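Because the structure is a prediction, the values reported are computed rather than measured. In what follows, chains are A, B, ... by sequence order, proteins preceding strands, each numbered from 1.
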2 protein chains.
Amino acid sequence: MTAIEILKQLKDKGVRFTPQRQAILEFLLGTDTHPTAEEIYHHVKAKFPGVSLGTIYNTLNMLKEHGHILELSYGDMSSRFDGNPSNHYHVACTECGKIVDFHRPLLELEREVGSHTGFQVHGHRLEFYGVCPQCAARDIKKMN
Amino acid sequence: MTAIEILKQLKDKGVRFTPQRQAILEFLLGTDTHPTAEEIYHHVKAKFPGVSLGTIYNTLNMLKEHGHILELSYGDMSSRFDGNPSNHYHVACTECGKIVDFHRPLLELEREVGSHTGFQVHGHRLEFYGVCPQCAARDIKKMN
DNA sequence: GTCCTTGCAAAACGTTTGCAGTTCA
DNA sequence: TGAACTGCAAACGTTTTGCAAGGAC
């Protein structure tokens with residue numbers, strides 16, 4: 001689904017179509033780099049110099065609530081956003097914060113978790129932590 | 001392992017034994033509620049009225065670095081800490097933030113992920129999201 | 001015309017840091 | 001004794017909020 005299609009669909013829910021929102025969503029849909037709010041801000045600013053970080057966060061939260069994007073948050077780094085909330089998991093570098101996708105059929109554990117805990121389970125998150133090839137190479141160089 | 005045993009073991013690494021650290025670690029080991037730093041702070045304050053939040057964070061970060069506790073972080077909520085970093089996963093309530101344990105053998109996907117992405121994978125995290133029985137009951141009551 | 005959204009600034013939040021004084025080994 | 005730790009307060013970075021002006025429908 002394109003950014004315009006998603007935003008038109010959101011109109012029924014009282015969400016207005018604005019060029020800033022279009023730019024934010026188009027950027028998110030067109031990249032697989034899992035950008036931070038700050039990175040989205042800088043990118044959108046190129047097209048809309050007056051845009052503010054507040055608007056970025058407003059839009060991201062709105063899109064997140066409607067299930068069109070995913071927020072990936074870690075303890076000491078800022079959140080990253082993923083415009084493709086579909087069948088994949090994440091591998092995060094604990095040194096530079098980069099996140100890459102790992103495609104794999106989604107785990108079918110949710111029903112089992114629900115029956116064991118009494119929760120109404122409506123999602124899960126699976127992430128792997130490690131050191132990316134670039135950071136590993138940099139670390140080796142530092143040692144010499 | 002008890003709090004005292006863990007702290008004695010850390011002495012070899014130059015970590016000093018202090019009563020504040022003992023209180024923090026004993027509380028974490030003795031609960032399965034996955035408290036926030038703030039909750040730990042209030043609890044330890046009952047025994048050590050002069051303790052500061054900074055000390056709580058200092059100790060938690062030290063214990064985390066040595067692998068004795070786990071930090072569980074989410075987008076819009078503060079981190080929660082888990083004193084039992086062993087074979088289990090988590091189920092988090094998206095309404096009240098409560099986290100309960102789900103015991104299950106750890107997934108054996110890390111090697112596969114490493115060979116697909118080039119990362120040196122050294123850990124993973126699997127969490128389920130849903131509504132806990134208490135929040136579900138409250139929601140139903142609200143509707144009537 | 002209505003009311004949602006924007007941009008800006010200030011505030012809030014959880015967490016970290018700097019420092020002077022204290023405590024552990 | 002000396003390095004590590006504490007408590008306090010100030011600072012930090014990310015995210016949210018309040019509000020007047022602007023724009024979508």
Side-chain angles (χ1 to χ4, degrees), chain A residues 3-4 6-25 34-66 69-81 96-97, chain B residues 3-4 6-25 34-66 69-81 97 99:
Chain A
I4 293 181
I6 290 173
L7 289 172
K8 283 205 171 141
Q9 184 181 303
L10 285 173
K11 266 195 203 169
D12 302 341
K13 301 182 184 168
V15 176
R16 293 210 173 145
F17 186 107
T18 71
Q20 292 91 335
R21 288 178 172 177
Q22 184 186 346
I24 292 167
L25 187 48
H34 310 84
T36 60
E38 191 74 25
E39 285 163 1
I40 298 169
Y41 172 57
H42 284 309
H43 188 273
V44 172
K45 217 179 166 91
K47 207 183 256 177
F48 299 91
V51 79
S52 74
L53 242 186
T55 298
I56 306 292
Y57 278 108
N58 268 348
T59 300
L60 291 172
N61 284 335
M62 182 274 290
L63 291 170
K64 187 176 55 167
E65 273 161 28
H66 288 93
I69 65 172
L70 238 53
E71 179 177 3
L72 313 169
S73 46
Y74 301 92
D76 50 349
M77 312 171 187
S78 37
S79 284
R80 291 169 170 275
F81 296 87
C96 68
Chain B
I4 292 181
I6 291 174
L7 288 172
K8 281 203 173 143
Q9 184 181 303
L10 286 173
K11 266 195 202 169
D12 301 342
K13 301 181 183 169
V15 175
R16 293 209 174 146
F17 186 107
T18 71
Q20 291 92 336
R21 289 179 170 176
Q22 182 186 346
I24 292 167
L25 187 49
H34 309 84
T36 60
E38 191 74 25
E39 286 162 1
I40 298 169
Y41 173 56
H42 285 309
H43 188 273
V44 172
K45 218 180 166 90
K47 208 182 256 178
F48 298 90
V51 79
S52 75
L53 244 185
T55 298
I56 305 292
Y57 278 108
N58 268 348
T59 300
L60 292 172
N61 283 334
M62 182 274 289
L63 291 170
K64 187 175 58 165
E65 273 161 28
H66 288 93
I69 65 172
L70 237 53
E71 179 177 1
L72 312 168
S73 47
Y74 300 91
D76 49 349
M77 311 170 187
S78 37
S79 283
R80 292 171 168 274
F81 296 87
I99 298 177

In whole angstrom, what separates [X]'s [atom1] from [N]'s [atom2]?
X: B/K64; N: C/dT15; atom1: NZ; atom2: P; result: 9 Å
X: A/N58; N: D/dG18; atom1: CG; atom2: P; result: 12 Å
X: B/F17; N: D/dT6; atom1: CZ; atom2: C1'; result: 16 Å
X: B/L72; N: C/dG14; atom1: CG; atom2: C1'; result: 16 Å
X: A/D12; N: C/dC4; atom1: CG; atom2: P; result: 15 Å
X: A/L7; N: D/dA24; atom1: CG; atom2: P; result: 13 Å
X: A/M62; N: C/dC4; atom1: CE; atom2: C1'; result: 11 Å
X: A/L10; N: C/dC4; atom1: CG; atom2: C1'; result: 14 Å

Main-chain N/O of B/R16 paired to B/R21 side chain as donor or acceptor, under 3.5 Å: yes

Flag, side chain of A/E39 to backbone of A/T36, donor-acceptor distance under 3.5 Å: yes

[N] OP1/OP2 closer than 4.0 Å to side-chain N/O of [X]:
X: A/S79; N: D/dT15; answer: yes
X: A/T18; N: D/dG23; answer: no
X: A/N61; N: D/dT16; answer: yes
X: A/S78; N: D/dT14; answer: yes
X: B/R21; N: D/dA4; answer: no
X: A/T55; N: C/dG7; answer: yes

For A/K64 against A/I69, the heavy-atom pair lying closest together: N-CG1, 3.7 Å

Minimum heavy-atom distance B/Y41-B/L53, with the two atoms named: CE1-N, 3.5 Å

Residue met sooner reading DNA chain D from 5', once A/E38 and B/K45 are mapped to nucleotides: B/K45

5' precedence on DNA chain D between B/V51 and B/G14 (nearest-nucleotide basis): B/G14

Which residue lies more 5' along DNA chain C, comparing B/P19 with B/Y57 via nearest heavy atoms: B/Y57

Of all the nucleotides listed ([options]), which has the minimum atom distance to the side chain of [X]?
X: B/Q20; options: C/dT2, D/dT6, C/dT16; value: D/dT6
X: A/K11; options: C/dT15, D/dC25, D/dT15; value: D/dC25
X: A/R16; options: D/dG7, C/dT2, C/dA25; value: C/dT2

Side chain to side chain, B/T59 and B/Q20, heavy atoms closer than 4.5 Å: no

